[in-house]
Novice: 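I am attaching a structure below and will ask some questions about it afterwards.
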There are 2 protein chains.
Amino acid sequence: MSVTAPAKITNRLVQLLPADEQHQLLLQCEVVDMQFGQILCEPGQPYPYLYFPLHGFVSLLAPLSGHIPLEMCLMGNEGMLGASLVLGIETAPMQAIVQGKGSAWRIRPEALQTLLEECVQLRRTLQQYLFLQFRQLSQSAACGHFHELPQRLARWYLMSDDRTQCDEFYLTHQFLAGMLGVRRSGVTVAAGKLQKQHLIRYNRGMVHILDHEALRQMSCECYGAGLDDYRNILGIPSTGALLRQSFSTNTP
Amino acid sequence: MSVTAPAKITNRLVQLLPADEQHQLLLQCEVVDMQFGQILCEPGQPYPYLYFPLHGFVSLLAPLSGHIPLEMCLMGNEGMLGASLVLGIETAPMQAIVQGKGSAWRIRPEALQTLLEECVQLRRTLQQYLFLQFRQLSQSAACGHFHELPQRLARWYLMSDDRTQCDEFYLTHQFLAGMLGVRRSGVTVAAGKLQKQHLIRYNRGMVHILDHEALRQMSCECYGAGLDDYRNILGIPSTGALLRQSFSTNTP
DNA sequence: CCTGATCGGTGCTGTAACGCACAGACCCGC
DNA sequence: GCGGGTCTGTGCGTTACAGCACCGATCAGG
């Protein structure tokens with residue numbers, strides 16, 4: 001079994017569980033790669049699998065006929081895909097697609113359903129995470145309506161960075177445009193501004209985050225609100241700036 | 001007890017419950033008036049009460065500093081305020097405010113928590129309704145981003161009409177502007193178009209729906225999607241056009 | 001090495017909103 | 001009947017996008 005992955009490569013929701021529940025859960029999981037662009041579920045369709053990302057990240061998208069699906073929620077190893085199963089409903093509310101390739105523990109919905117009946121903390125954690133998604137959804141909706149592109153873009157870069165945890169990831173303007181529901185050339189202009197100010201650097205899709213702090217000041221309040229929510233609801237910091245600090249002081 | 005209200009004035013979620021659960025629930029409820037503009041809960045704060053609207057309707061709003069809160073979800077007697085309690089979390093995810101005055105059954109969160117442990121169908125129904133809200137949230141987010149004001153406005157009038165069930169309600173342009181996240185004068189222009197086409201008529205806040213069918217054609221797909229969702233998830237038609245038909249054929 | 005595809009920069013025009021301001025119509029209370 | 005508040009209509013300049021088009025730079029494959 002690949003349970004004994006490197007310490008940092010794990011899933012933070014699973015980490016919250018007591019040892020016995022972790023063990024039960026991981027017995028039912030298998031490690032899989034997530035390919036860039038892979039579609040993990042479709043709205044209204046049953047989940048084929050549920051995923052606990054280890055690295056890489058996944059987007060939840062809301063499709064609207066005649067438009068490219070709009071991103072509602074970004075999910076890395078601080079979250080999971082399929083928390084709505086805790087409501088006893090087997091169909092997915094939204095589309096999920098892999099935005100940053102990586103790996104995940106995956107589990108069959110039936111298996112998780114069974115576990116949910118026995119494991120108190122697992123159920124509790126999934127409930128909390130679902131509540132968190134609820135908050136994020138409403139935050140993103142308001143953000144997309146009121147805030148302007150450069151701010152939203154900065155937020156997006158920061159969120160992606162938090163979830164990849166390596167200051168470098170692959171993301172073309174074209175793709176970002178889809179997520180944010182704007183034109184590709186709009187992204188180019190906004191990203192160009194950030195690059196000119198040396199907050200980021202990019203080339204043919206590879207993005208480097210150069211200055212977190214300045215990027216954060218450029219971004220809208222929604223980024224910080226997301227971090228706060230995570231801490232308040234789950235009781236631990238998300239993979240955000242706070243976590244990065246504690247990590248960087250711990251690295252040898 | 002005021003449980004024996006007129007047959008049509010009830011809550012459709014409660015109606016879904018078996019008789020014994022209904023009885024248990026209503027024993028813990030009291031009937032209250034909902035005043036226009038009354039704030040029923042605040043995001044991040046515990047719910048003082050939970051509400052099953054009987055008539056009138058309530059909005060869920062997402063606040064963003066520097067802006068008027070944006071509406072995420074509209075709730076009449078087809079829904080309830082506080083379904084997120086089924087996740088075991090006592091704080092409200094969003095603000096709720098009374099948009100159309102009316103009445104409701106209200107219950108203390110602790111009382112509902114207790115009932116949830118015993119009543120299987122109550123829990124199931126609240127879970128389904130929460131899932132539905134999840135869908136509506138993402139739909140509204142995408143709608144607010146891509147669709148244009150006249151379409152969104154038509155949708156809003158239809159949704160309000162469904163929830164008041166009387167083709168006439170009080171809603172000023174100013175208020176609508178807040179809900180939709182646009183200027184008041186923008187609403188005036190859009191509503192003026194609808195009035196010129198004889199789809200609605202309004203005067204100093206009193207709105208009459210004149211032509212449902214035409215209004216529906218004018219509205220975006222999101223209106224129909226909401227009705228479909230309700231039927232698919234809860235298994236009964238919402239208080240939408242379909243229901244109105246069956247009602248109108250039943251009235252003496 | 002050529003070819004085709006992808007990525008990103010740039011520049012137009014068009015438009016749905018914005019912010020702001022003002023004025024008429026109507027209602028209510030003193 | 002007067003005055004103040006609310007509701008609605010309207011106009012103006014501004015702005016952040018959309019939509020479209022075209023370009024060069026870079027990369028991958030035969």
Side-chain angles (χ1 to χ4, degrees), chain A residues 36-37 64 66-70 99-101 141-157 168-197 199-208 218 220, chain B residues 36-37 64 66-68 70 99-101 141-157 168-197 199-208 218-220:
Chain A
F36 177 76
L64 213 53
H67 298 275
I68 291 172
L70 188 62
Q99 295 291 342
K101 68 175 192 138
C143 177
H145 193 86
F146 290 119
H147 293 152
E148 285 162 16
L149 190 45
Q151 280 68 46
R152 290 204 289 141
L153 188 62
R155 179 190 173 208
W156 218 93
Y157 279 133
E168 181 179 31
F169 41 89
Y170 181 79
L171 262 189
T172 67
H173 293 177
Q174 184 74 62
F175 225 90
L176 272 167
M179 298 298 101
L180 299 171
V182 296
R183 286 170 316 151
R184 194 270 312 163
S185 54
V187 173
T188 298
V189 172
K193 280 182 197 166
L194 298 180
Q195 182 161 240
K196 243 167 228 144
Q197 296 179 252
L199 308 187
I200 59 171
R201 199 178 66 231
Y202 56 85
N203 183 274
R204 296 187 74 75
M206 280 313 298
V207 183
H208 295 246
M218 175 69 68
C220 53
Chain B
F36 178 76
L64 213 54
H67 298 274
I68 291 172
L70 188 63
Q99 296 292 343
K101 68 176 192 138
C143 177
H145 192 87
F146 289 119
H147 293 152
E148 286 162 17
L149 189 45
Q151 280 69 46
R152 289 204 290 141
L153 187 63
R155 178 189 174 208
W156 218 92
Y157 279 132
E168 181 179 31
F169 41 90
Y170 181 81
L171 263 189
T172 68
H173 293 177
Q174 184 73 64
F175 226 90
L176 272 167
M179 298 298 101
L180 298 171
V182 296
R183 286 170 316 152
R184 194 271 312 161
S185 53
V187 173
T188 298
V189 172
K193 281 182 196 165
L194 298 179
Q195 182 161 241
K196 243 168 228 146
Q197 297 180 251
L199 308 187
I200 59 170
R201 198 177 67 230
Y202 56 85
N203 184 275
R204 297 187 72 74
M206 280 313 297
V207 182
H208 295 246
M218 174 68 68
S219 78
C220 54

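Scope of the values below: all heavy atoms of this structure, side chains included, with no hydrogens, waters or symmetry mates. Quick caveat, the model's predicted, so the values are computed rather than measured. Order of the sequence lines sets the chain letters (A, B, ...), proteins ahead of strands, with each chain counted from 1.
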Novice: May I ask you to check whether B:Phe36 and B:Phe175 place their ring centers less than 6.0 Å from one another?
Specialist: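 For B:Phe36 and B:Phe175, the ring centres are under 6.0 Å apart.
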Novice: Take the angle between the ring planes of A:Phe169 and A:Tyr157 and call it parallel below 30°, perpendicular above 60°, tilted in between.
Specialist: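 Rings of A:Phe169 and A:Tyr157: tilted, 30 to 60°.
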Novice: From the set C:dA17, D:dT8, D:dA16, return the single nucleotide nearest to any side-chain atom of A:Glu148.
Specialist: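 Given the options C:dA17, D:dT8, D:dA16, the side chain of A:Glu148 is closest to D:dA16.
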Novice: Starting from P on C:dA17, measure out to NE2 on B:His147 and report it in whole angstrom.
Specialist: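 Going from B:His147 (NE2) to C:dA17 (P), I get 12 Å.
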Novice: Between the side chain of A:His145 and the main-chain N/O of B:Leu70, is any donor-acceptor distance below 3.5 Å?
Specialist: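 No, because the side chain of A:His145 does not come within donor-acceptor range (under 3.5 Å) of the backbone of B:Leu70.
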Novice: May I ask you to test the A:Met179-A:Leu171 pair for a side-chain heavy-atom distance under 4.5 Å?
Specialist: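 No, too far: nothing below the 4.5 Å cut-off.
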Novice: Would you mind telling me which of C:dG9, C:dC18, C:dC7 lies closest to the side-chain atoms of B:Arg183?
Specialist: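 Taking heavy atoms from C-beta onward, the closest nucleotide is C:dC18.
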Novice: Can you find a side chain N or O atom of A:Gln195 that sits less than 4.0 Å from OP1 or OP2 on C:dG9?
Specialist: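 The answer is yes; a side-chain N or O of A:Gln195 sits under 4.0 Å from OP1 or OP2.
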Novice: Could you please name the option among C:dG8, D:dG11, C:dC22 that lies closest to any side-chain atom of B:Ser185?
Specialist: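 When the side chain of B:Ser185 is considered, D:dG11 is the closest of C:dG8, D:dG11, C:dC22.
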Novice: Taking it one step at a time, do B:Met218 and B:Lys193 satisfy side-chain contact (heavy atoms from CB on, under 4.5 Å)?
Specialist: CA-CA 11 Å; B:Met218 174 68 68; B:Lys193 281 182 196 165; over 6 Å; no
Novice: Rounded off to whole Å, could you give me the CD1-to-C1' distance for the B:Ile68 and C:dC18 pair?
Specialist: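 Result: 13 Å.
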Novice: Rounding to an integer number of Å, can you tell me how far B:His67 NE2 sits from C:dA17 P?
Specialist: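 Between P of C:dA17 and NE2 of B:His67: 17 Å.
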Novice: Across nucleotides 23-30 of chain D, 5' to 3', mark each nucleotide with B, S or - according to how protein heavy atoms within less than 4.0 Å reach it.
Specialist: --BBS---
Novice: Round to a whole Å and report the spacing from CZ of B:Arg201 to P of D:dG9.
Specialist: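 That distance rounds to 14 Å.
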Novice: Identify whether any heavy atom of A:Gly186 sits under 4.0 Å from a base atom; if not, whether one sits that close to sugar-phosphate; answer base, sugar-phosphate or nothing.
Specialist: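 If one applies the 4.0 Å heavy-atom cut-off, A:Gly186 turns out to touch nothing in the nucleic acid.
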Novice: Give A:Thr172 one of three labels, base, sugar-phosphate or nothing, depending on what nucleic acid heavy atoms sit under 4.0 Å from its own.
Specialist: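 Touches sugar-phosphate only.
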Novice: Over how many whole Å does the gap from B:Phe146 atom CZ to D:dA18 atom C1' extend?
Specialist: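 Rounded to the whole Å, the gap is 12 Å.
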Novice: To the nearest angstrom, how far is A:Leu171 atom CG from C:dT6 atom C1'?
Specialist: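 That distance rounds to 15 Å.
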Novice: Between B:Met206 (CE) and D:dC7 (P), how many Å, whole number?
Specialist: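 My rounded result for the distance is 13 Å.
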Novice: Which nucleotide wins on minimum distance to the side chain of B:Tyr170, given the candidates D:dC7, D:dG19, C:dT10?
Specialist: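 That would be D:dC7.
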Novice: Just wondering, do A:Arg155 and A:His147 contact through their side chains at under 4.5 Å, heavy atoms?
Specialist: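 No, side chains not in contact.
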Novice: C:dG19 base to B:Arg184 side chain: any donor-acceptor pair below 3.5 Å?
Specialist: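 When only heavy-atom distances are counted, B:Arg184 does not reach the base of C:dG19 through any donor-acceptor pair under 3.5 Å.
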Novice: Can you tell which of C:dG8, D:dC17, D:dG9 lies closest to the side chain of A:Val182?
Specialist: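 The nucleotide sitting nearest to the side chain is D:dC17.
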Novice: Which residue, B:Arg152 or A:Gly192, contacts DNA chain C at a nucleotide closer to its 5' end, judged by nearest heavy atom?
Specialist: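 First, find each residue's nearest nucleotide; the 5'-ward one identifies A:Gly192.
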Novice: What residue among A:Arg201, A:Lys196, A:Gln195, A:Gln197 forms side-chain contact (heavy atoms from CB on, under 4.5 Å) with A:Leu199?
Specialist: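 In the set A:Arg201, A:Lys196, A:Gln195, A:Gln197, the residue that makes a side-chain contact (heavy atoms from CB on, under 4.5 Å) with A:Leu199 is A:Gln197.
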Novice: Once side-chain hydrogen bond (donor to acceptor under 3.5 Å, both in side chains) is applied, do any residues pair with A:Arg184, and if so which ones, sequence neighbours excluded?
Specialist: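 A:Arg184: side-chain hydrogen bond (donor to acceptor under 3.5 Å, both in side chains) contacts with A:Thr188.
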Novice: Roughly, in whole Å, what's the span from CD in A:Gln174 to P in D:dC20?
Specialist: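 One finds 14 Å between P of D:dC20 and CD of A:Gln174, rounded.
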